[in-house]
Undergrad: 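Below is the structure I would like to discuss, written out as structure tokens.
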Amino acid sequence: MAYCQHIGVEFMFINDLEQCRWIRQKFETPGIMQFTVEEKRRLLARMIRSTRFEEFLQRKWSSEKRFGLEGCESLIPALKTIIDKSSQSGVESVIMGMPHRGRLNVLANVIRKELDQIFCQFDSKLEAADEGSGDVKYHLGMYHKRMNRASDRFITLSLMANPSHLEAVDPVVQGKTKAEQFYCGDTEGKRVMSILLHGDAAFAGQGIVYETFHLSDLPSYTTHGTIHVVVNNQIGFTTDPRMARSSPYPTDVARVVNAPIFHVNADDPEAVMYVCNVASEWRNTFHKDVVVDLVCYRRNGHNEMDEPMFTQPLMYKQIKKQKGVLQKFAEKLIADGVVTTQEYEEEVARYDKICEEAYSRSKDEKILHIKHWLDSPWPGFFTLEGQPKSMNCPSTGISEDELRHIGNIAASVPMEDFTIHGGLSRILKGRTNMVSQRVCDWALGEYMAFGSLLKEGIHVRLSGQDVERGTFSHRHHVLHDQTTDKRICIPMNYISPDQAPYTVCNSSLSEYGVLGFELGFAMASPNALVLWEAQFGDFHNTAQCIIDQFISSGQTKWVRHNGIVLLLPHGMEGMGPEHSSARPERFLQMCNDDPDVFPKISEDFAVRQLYDCNWIVVNCSTPGNYFHVLRRQILQPFRKPLIVFTPKSLLRHPEAKSSFDDMLPGTHFRRLIPDDGPAASSPERVKRVIFCSGKIYYELTRERTNRGLDEAVAVVRIEQLSPFPFDLVKAETDRYVNADLVWCQEEHKNQGYYDYIKPRIRTTISHNRPVWYAGREPAAAPATGNKHTHLSELQRFLDTAFNLEAGKV
Ligand SMILES: Cc1ncc(C[n+]2csc(CCOP(=O)(O)OP(=O)(O)O)c2C)c(N)n1
Ligand SMILES: [Mg+2]
């Protein structure tokens with residue numbers, strides 16, 4: 001439907017009458033699009049800034065990529081209108097995500113990053129002051145608090161750093177927005193909001209756009225309405241004003257997610273401003289998503305180095321003839337008597353002078369501080385120089401009283417007249433018994449970690465598919481009344497009156513979107529334990545972009561810490577090729593610790609090593625160690641992503657229990673668990689040391705006993721795979737001087753940990769002994785689909801692991 005000139009609106013798929021009526025009124029009322037002289041002049045000034053900024057860059061750095069806005073300069077007033085309007089309705093913080101197109105312009109003219117700081121980025125001789133690889137200028141983020149002149153109120157604007165991967169930042173922005181809303185108690189999205197910008201092709205093509213939209217209706221994920229702005233240059237240049245309605249792709253996405261879409265011709269700044277006013281009002285009235293589709297053309301090639309005439313000669317001939325948006329708009333305003341030619345020229349000259357002055361200043365900049373480009377500062381968490389406040393981590397144990405108290409909560413239903421399922425009663429009774437016997441299984445160990453952190457004021461948020469119950473029906477953090485529909489109880493929120501709130505939320509069936517969201521949530525504050533659990537570990541690969549682009553490399557690119565935790569159920573249990581492997585090899589391959597250098601072992605080695613690594617990868621074999629590693633995540637003086645391969649069968653394995661003794665004050669996470677049986681008491685008699693990680697430990701020790709080899713073979717568990725515990729592995733290899741060394745894993749040889757572990761053990765022993773392999777043979781799929789084959793493979797490699805006579809395996 002076309003109402004005002006240059007505007008088209010699509011909303012017929014919205015099935016709410018009030019909302020439809022509201023939209024109609026905004027676009028059908030004759031003469032509704034009226035602006036004061038003052039508003040028109042401000043719009044012109046904004047168009048001047050937007051246009052002249054690009055022209056300035058082009059003049060100074062004609063051979064640099066900048067992904068200019070030419071053709072869609074009205075994006076800048078569009079965003080400023082949305083921000084003004086939102087600030088007037090009470091929004092205090094706007095979080096934005098955007099792709100390459102026009103990003104520098106947005107930084108300069110919307111966020112108001114100092115121009116000299118932007119210009120100096122074009123100087124390749126600039127020395128980096130921060131550790132890390134840095135990133136190209138059109139990926140960096142920014143955070144700025146300033147006075148909004150339209151509302152006379154302060155507003156914080158942040159633009160999130162992002163990778164090349166278009167649209168990947170969308171869920172991250174949403175997660176951070178949700179977190180900021182959460183921390184300031186903004187339950188309706190009245191104070192914090194997000195704006196997402198999109199290119200037309202990326203908006204239509206990337207599934208993450210859909211995944212992100214879909215989160216907007218889920219209570220624990222909604223940000224109460226996002227304004228999406230599409231820079232839609234796909235249809236190229238046409239003089240037909242109805243072109244706004246011929247853009248099928250963005251419409252399709254919006255239709256699927258039930259959001260209205262307002263198309264507007266970007267050649268008409270007044271229409272753009274009107275549409276953005278309406279979009280903001282929509283968002284701040286209904287708190288639902290809305291799409292503004294800025295239909296424009298692209299004057300240059302994809303970037304300034306591209307020649308568009310190669311592939312679209314006729315279109316670009318026409319584009320070259322087309323007057324610029326600013327010029328047309330200025331002529332119109334001059335003709336209408338809104339400004340004089342002289343006023344217009346003075347305004348242009350004024351801005352050009354600002355750019356020139358900033359340019360001169362930028363030449364004095366010798367050092368590039370990526371820190372200045374942070375989108376989420378954590379005030380007070382680091383020293384003023386941005387360093388951790390210490391290099392040690394206190395004990396992660398908690399008192400007996402606390403263990404008992406949290407254990408009892410985990411075993412209880414702290415609400416009156418609440419009927420739970422019989423099966424659950426048995427589980428809770430089991431927990432009561434464990435507390436009285438002073439032991440924890442996996443679920444209880446996790447409970448202890450979460451509960452104690454909550455008690456210490458740390459917010460805990462666990463998100464993923466079916467996490468409330470737990471994929472393996474072991475967690476049960478949300479109890480459901482069997483007699484009253486939708487009546488629930490979350491015992492974790494009954495630990496102590498002044499505890500931090502616990503959020504446990506079943507996500508939509510998305511990995512990419514949800515993991516991105518949680519990563520964004522974790523960015524907002526260091527004082528929260530944010531965990532994402534995959535239904536099965538292998539599903540993480542649909543979120544690979546978040547893992548590669550943000551989690552593994554985010555800190556080095558953007559000097560930004562993040563303490564997100566990934567829980568990835570992993571283990572070969574005869575369940576077939578899927579549901580078996582969380583692909584440890586992939587995570588380990590991305591670890592930045594050097595396999596060939598034995599590090600200098602200092603007093604604070606264990607913590608320093610964590611500080612230096614890009615992420616931590618663990619596979620805990622006991623609930624106690626799992627408890628500690630989760631608590632360490634918060635008690636360590638910096639933040640690092642943590643990848644945890646979590647068990648399936650061990651959740652109920654009678655031996656996979658930890659005593660309270662292992663969780664008391666003074667105890668800590670064990671990076672490596674040495675053998676503590678007969679082998680360890682006479683180490684010189686030990687013929688073989690088997691290093692392993694995770695659940696295979698239980699199979700190895702059972703087999704060892706069956707074979708009567710408890711004295712001859714030591715089994716050592718590497719619990720922290722990365723950063724590699726070089727010091728502790730060395731202590732083990734030094735202790736068993738006469739033993740040969742075996743790495744045993746249940747995964748296939750080209751998978752699991754072998755390729756990561758082997759060179760590191762070899763470095764530890766200065767290559768003076770071989771490291772033999774016992775495990776499954778190389779394979780294309782992670783596991784067999786045949787249970788019988790699974791068991792015979794297991795037996796075969798256990799035979800290898802314990803065949804001392806053969807010596808060489
Ligand atoms: C996920 C992903 N795939 C491919 C690319 C490579 N790429 C960079 S820009 C671009 C075109 C983007 O088109 P559009 O979204 O319409 O934005 P425009 O450049 O037209 O503003 C492509 C394919 C990318 N950056 N990200
Ligand atoms: Mg495009």
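Counting convention: from 1, in listed order, for ligands and their atoms alike. A quick note: this is a predicted structure, and the numbers were derived from the prediction, not measured.
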Undergrad: Parallel, tilted or perpendicular: which one describes the rings of F539 and H579, with boundaries at 30° and 60°?
TA: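 Rings of F539 and H579: perpendicular, over 60°.
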Undergrad: Parallel, tilted or perpendicular, judged at 30° and 60°: which one describes the rings of F286 and W282?
TA: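 If you compare the ring of F286 with that of W282, the planes turn out tilted.
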Undergrad: Would you kindly check if the NZ (Lys) or CZ (Arg) of K60 is within the cone defined by 45 degrees around the ring axis of Y359 and under 6.0 Å from the six-membered ring centre?
TA: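 Judged by the rule, K60 and Y359 form a cation-pi pair.
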Undergrad: Report yes or no: is the cationic atom of R103 (NZ for Lys, CZ for Arg) under 6.0 Å from the centre of the six-membered ring of F67, at an angle within 45° of the ring normal?
TA: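 Checked: cation-pi criterion not met.
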Undergrad: Which protein N, O or S atoms lie under 2.8 Å from the Mg ion (ligand 2), given by chain and residue number?
TA: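 Sorted hits: D200 OD1, N233 OD1.
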Undergrad: Only one of S508, C505, S507 forms a side chain to side chain contact (heavy atoms under 4.5 Å, CB included) with L218, so which one is it?
TA: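 Among S508, C505, S507, the one that satisfies the side chain to side chain contact (heavy atoms under 4.5 Å, CB included) with L218 is S508.
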Undergrad: Heavy-atom cut-off of under 4.0 Å around ligand 1: list whichever protein residues fall inside it, by chain and number.
TA: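 Within the 4.0 Å shell of ligand 1, which is judged on heavy atoms, sit H100, R101, S164, H165, L166, G199, D200, A201, A202, Q206, N233, H302.
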Undergrad: With no hydrogens and no angle check, is any side-chain donor or acceptor of K113 less than 3.5 Å from a backbone partner on I118?
TA: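 A pair under 3.5 Å: no.
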Undergrad: Side chains of N300 and D306: any donor to acceptor distance under 3.5 Å?
TA: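 Per modelled atom types, D306 and N300 side chains form no pair under 3.5 Å.
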Undergrad: Is R49 salt-bridged to D352, cutoff N-O under 4.0 Å?
TA: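 No.
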Undergrad: Give the intermediate values and the outcome of side-chain contact (heavy atoms from CB on, under 4.5 Å) for residues K557 and F550.
TA: CA-CA 9 Å; K557 292 193 291 195; F550 289 88; over 6 Å; no
